[in-house]
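In what follows, a structure is listed as structure tokens, so that the remarks can point back to it.
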Amino acid sequence: MPELAAPLIEWYRKNARELPWRAPGFGAWGTLVSEFMLQQTPVNRVIPHLDAWLTRWPAPTDLAAAAPADAVRQWANLGYPRRALWLHRAAVEIRDRHAGVVPRGVDDLLALTGIGDYTARAVAVFAYGDRHPVVDTNTRRVIARAVGGRSQPGPPTRSDLADMAGLLPAGREDAAMFNAATMELGAVVCTARAPRCDSCPITHICAWRTAGYPDTGDDRRRQARYEGSDRQARGAVLKTLRDADAAGIRTDELLADWSDPHQRDRAITSLADDGLIELVNGSARLPH
DNA sequence: TACGCGTGGGG
DNA sequence: TCCCCAAGCGT
């Protein structure tokens, strides 16, 4: 296998976007919050919310002292609001189990609510500089193409971690840079649709290019339709409650005009099950 | 392993 | 107009 890391790192040094979490001394808490927000939400939408969040809660203990409702409100329209709840829980766990300091070990990070394989290693690598494989949708796509010669990656697998580990340079600094560079390439050059192969720094190594850019199929999981879905109903309920005062809204007045009453009821029940809302005295409100 | 989970911008 | 896509996680 030709050397992948060197040209990627060189390209990254010259072309990396200036992003808030890449500023020197950004801090582990900022990194952790940014990674929560970046789970399925695009960079450009995250940036202003990240700034506001860290201004309000500069340390894990600050967020831990707040009510979950405040976290859900501050999350605003970033999407997947369970992440706000999970981030709040993680802050409480960091306060209680790690003396208010974001842990450095991958196992400790994995034990926190809302942190999985990606986020745990992203924090360990980007905040603490340790040597681990970071696997996300970008690195999986870049490796599927450059190494696997395929047009798209398959569904995520446990072996993705070992595949990335096998490509990692020996040194900690280089390894961290390689992780970041592979993600960056996937984000801005080796994109899911219409990749910009003309400006790619590893075309000379790319197995997909060598094979003539074949369409090898695409067995990635498709996202369910949103229009008319329960998710849409949940989103509408939560938006209403974010915009309401702390006392909430009577459940019989909540989304009273929703076209499917059963779906409305399902949304309210499932949100309560998830802890995103509380049902008290016939009213629904964000969790105190 | 496969599914449910928000929201908005771009092709 | 839709459909695709976005630094995933928990179950």
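Letters go in sequence order (proteins before strands), and every chain restarts at 1.
- Within the 4.5 Å cutoff, no side-chain heavy atoms of A/L19 are placed close to those of A/F26.
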Given A/D70 and A/L63, is the side chain to side chain contact (heavy atoms under 4.5 Å, CB included) satisfied, shown in steps? CA-CA 9 Å; A/D70 294 330; A/L63 178 58; over 6 Å; no

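- Counting distance only, with no hydrogens placed and no angle test, the side-chain atoms of A/Q223 and the base atoms of C/dA6 include a donor-acceptor pair under 3.5 Å.
- For C/dA6 and B/dC5, the C1' atoms lie 14 Å apart once the distance is rounded to whole Å.
- Residue A/R221 has its side chain nearest to C/dG8 when only B/dT7, C/dC4, C/dG8 are considered.
- Of the candidates C/dC4, C/dA7, B/dG6, the closest approach to any side-chain atom of A/E35 belongs to C/dA7.
- Nucleic acid contact for A/Y226: base, since at least one base atom lies under 4.0 Å from a heavy atom of the residue.
- For A/R22, taking side-chain heavy atoms from C-beta onward, the closest of the listed nucleotides C/dA6, C/dC9, C/dA7 is C/dA7.
- Counting any heavy atom pair closer than 4.0 Å across all strands shown, A/R140 reaches no nucleic acid atom.
- The residues A/R158 and A/D117 are annotated as salt-bridged, a charged nitrogen and a carboxylate oxygen being separated by less than 4.0 angstrom.
- For the P atoms, the distance from C/dA7 to B/dG4 is 23 Å, rounded to whole Å.
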Apply side chain to side chain contact (heavy atoms under 4.5 Å, CB included) to A/H49 and A/T41, showing your working. CA-CA 11 Å; A/H49 287 278; A/T41 300; over 6 Å; no

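- One cannot find a donor-acceptor pair under 3.5 Å joining the base of C/dG10 and the side-chain atoms of A/R83.
- Look at A/T113 and you won't find any side-chain N or O under 4.0 angstrom from OP1 or OP2 of C/dC9.
- Side-chain proximity of A/D136 to the nucleotides C/dG8, C/dA7, B/dG6 is greatest for C/dA7.
- Protein atom CG of A/D218 is 7 Å distant from nucleotide atom P of C/dC5, rounded to whole Å.
- Separating the P atom of B/dG6 from that of C/dT11 is a span of 15 Å, rounded to the nearest Å.
- Applying the 4.0 Å criterion to OP1 and OP2 of B/dG8, one finds that A/N77 has a side-chain N or O inside that range.
- A salt bridge does not link A/E93 with A/R89: none of the charged nitrogens is closer than 4.0 Å to a carboxylate oxygen.
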